[in-house]
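This structure is a prediction, so every number in the text was calculated from the model and none was measured. Each chain gets a letter, A, B and so on, in the order the sequences are listed, and its residues count up from 1.
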Amino acid sequence: MSQRDDDPAREAARLRRELEEANYHYYVEDAPTIPDADYDRMLRRLQEIEAAHPELVTPDSPTRRVGAQPAEGFAEVRHAVAMLSLDNAFDHDEVRAFARRVAERLERDPEAIDFCCEPKLDGLAVSLIYEQGVLVQGATRGDGRTGEGITANVRTLKSIPLRLRGEQPPELLEVRGEVYISHSGFERLNERARESGGKVFANPRNAAAGSVRQLDPGIAASRPLEFCAYQVARIDDERWQATHSAQMDGLRHFGFRTSPAMEVVTGAEGLIDFCQRLGEKRESLDYDIDGAVMKVDDYRSQRELGFVSRAPRWAMAFKFPAQEQTTTINDVRFQVGRTGRLTPVAELEPVQVAGVTVANASLHNMDEIARLDARIGDTVIVRRAGDVIPQIVQVIIEQRPTRTRAIDMPAECPVCGSRVERAEGEVDAICSGGLFCAAQRKEALKHFASRRALDIDGLGDKLIDQLVELEWVKTPADLFRLEVTRLSELPRVAEKSATNLVNALERARQTTLARFIFALGIPEVGEATAGALATHFGTLERLMAADEAALTAVPDIGPVVAAHLHAFFAEQHNREIIDDLRRMGVTWEEVEVAERPRPLTGETWVLTGTLEAMTRDEAKSRLAALGAKVSGSVSKKTHAVVAGPGAGSKLERARELALTIFDEEGFLARLEQLEQGGMPGETHDE
DNA sequence: CCACCTCGAGTTCA
DNA sequence: CTCGAGGTGG
């Protein structure tokens, strides 16, 4: 810790040096050297000195990082060396073609050329100029020839050195790099924005670009912006003319951060291998990348290759398929779900997002539409990230055409014409038609036939649509009246598939009470609740006879679910369907099968990732047979987590909580041990 | 009453 | 997978 000094100039200089050193280790090396409190104390002391002696303020002082006075506007900056864009390669063949072109021009073997490769960060390019080792200017790319001066803003970035490290800085150095925001920084930023009711950003790139273009450097200072250097544009030092990778080493020496994933590879196959590996790592990185940048490493070769009009011949960007795209909302239709809920679905101009064509995206409800301020005709950003489901992230208001249409909830159900109701304070609008509504009837049947309910194979969506529209099937019981000869009359249903369906129905008649209760589709009664009801009451008769008090006595059932259940069974129509189903031969074992030892009783297990030896359902039922509860979310109450390959956030959370984690092999061993009735450490001698 | 855990329901494309 | 809300335990 630095002590006071009689000479303010000397003390200020020392504080600056120490603060910058601490900054470097914290933000560039990721290895803090002094406690935050010491850093703050030193910074405050420097501010005091500078306030008392304004003549001692220097442009490279760390106090400038907190943000100087707002500028009037941004000055235009002309780039001495143009900031070019790169040609793009979208597949491996185009990468090979790049290596071949380079090799031909250099008259060398394409497999003998070294390339320096690194991830292409998804942020914004900036240029930094250092004179006598001091940062004097920062500028955006702009159109490549002229950008905007953002010096005050870049000074606030802690990973940008205000003064170059090391002895003998060059007279002049111009460095290019990317300003970006990491995923974790982005989360923190939006979290803060939500709390204070500020602007929530759509993605890290927009947030970074928006922050850099703030006139008030204080705002930039408060944003988690980071800088990663990737190019030396100008330098007046002979030693720097060997290779690109050596230049990058030099930049690290000066105190810049460069990409830790940077590699020198050889030949076209080396490039492809790099792109491949980077693609595999992409999801696990803490920052967005949109591809890889590949540069001929040898500086002399670069000069020999030179430029075509807009881009260098010695570099190429390999682009991953975009995870985000812009497109337009062509129309919005309202879909009716099993519960009668009306869901607005945007019909989009089809776009390629992360390798697939996206034409639809749910808008969820009217509140979401209001939040997005979406209208028909709007241009929107569509994302298909870690999950598979496309979502509309943001409307680009600036691109709103003059003639857009508001999205209105219809007053009547688009399927059955019944009145649409939206209760006070409710998010969802509901079609009042109930089972009179063909859409709700179809969804109820799909639910009834689904895998976790009666598991009727061969009864797909299309077939259900036909059966309902022809009015052959009005209730689930009608399904069991279908005959092969009638079914074969339908278009696209031959005798073979009709027979399969009838056989599947035959098999489905024999089920379990839990599946049957679940299949009924009672609101708020899913698989877990149905299971709890089945074990508690044992027979359907007892369940149907139960009043709300008796229902609330079941674990995990409160007044809301009890009311739904009571109302459902009180409805004459529903009782008739249940009677009808039993008349059609739907049965289940009244008593649970013979008791086996249940060593996992009271434990909660979580499955995540993919299992190879068995399906997740199978694993779940085997655990359930041992008495364990299988849940979907990891919490403090979880006893063990089974993590297959591709496990994500749940595994991470399990690690944080230091829970027992099994891989598939260990899990299988444990399962078999338990199923044989063994407890760990127990022996089975006669 | 609040904090936390669970459950239910909805979600797109090939 | 994620969101919202029901249920429960402190």
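With sequence neighbours left out, A/I430 forms a side chain to side chain contact (heavy atoms under 4.5 Å, CB included) with A/R341. For the ring pair (Phe, Tyr, Trp, His ring centres under 6.0 Å) test, no residue two or more places apart in sequence or in another chain qualifies with A/F480. The ring pair (Phe, Tyr, Trp, His ring centres under 6.0 Å) search around A/F516 returns A/W588, not counting sequence neighbours. Shown here are the ring pair (Phe, Tyr, Trp, His ring centres under 6.0 Å) partners of A/H447, two or more places apart in sequence or in another chain: A/F518. Every residue two or more places apart in sequence or in another chain that forms a salt bridge (Lys or Arg N to Asp or Glu O under 4.0 Å) with A/R371 is listed here: A/E368. Considering only residues two or more places apart in sequence or on other chains, A/T379 meets the side chain to side chain contact (heavy atoms under 4.5 Å, CB included) condition with A/T326, A/T328, A/I396, A/Q399. In terms of the ring pair (Phe, Tyr, Trp, His ring centres under 6.0 Å) criterion, residue partners of A/F318 (sequence neighbours excluded) are, by chain and number, A/H92, A/F320.
As a whole-Å value, the separation of A/N365 CG from C/dC3 C1' is 10 Å.
Residue-to-nucleotide proximity on DNA chain B shows that, of A/T357 and A/G337, the 5′-proximal contact is made by A/G337.
Side-chain contact of A/D378 with A/T404: a donor-acceptor pair under 3.5 Å is absent, judged by distance alone.
Contact footprint of chain A on DNA chain B: nucleotides with an atom under 4.0 Å from a non-hydrogen protein atom, first to last in 5' to 3' order, B/dC5 to B/dA14.
Annotation: proximity of residues 181-189 of chain A to DNA chain B (heavy atom, distance under 4.0 Å) is found for no residue.
Here ring pair (Phe, Tyr, Trp, His ring centres under 6.0 Å) pairs that include residues 327-347 of chain A, with residues two or more places apart or in two chains, number zero. Residue pairs meeting the side chain to side chain donor-acceptor pair (under 3.5 Å) criterion with at least one member in residues 511-530 of chain A, sequence neighbours excluded, are A/R452-A/E527.
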In the 5'-to-3' direction, what one-character label does each nucleotide of nucleotides 4-10 of chain C receive under the scheme B = base within less than 4.0 Å of a protein heavy atom, S = sugar-phosphate only, - = no such atom?
--SSS--
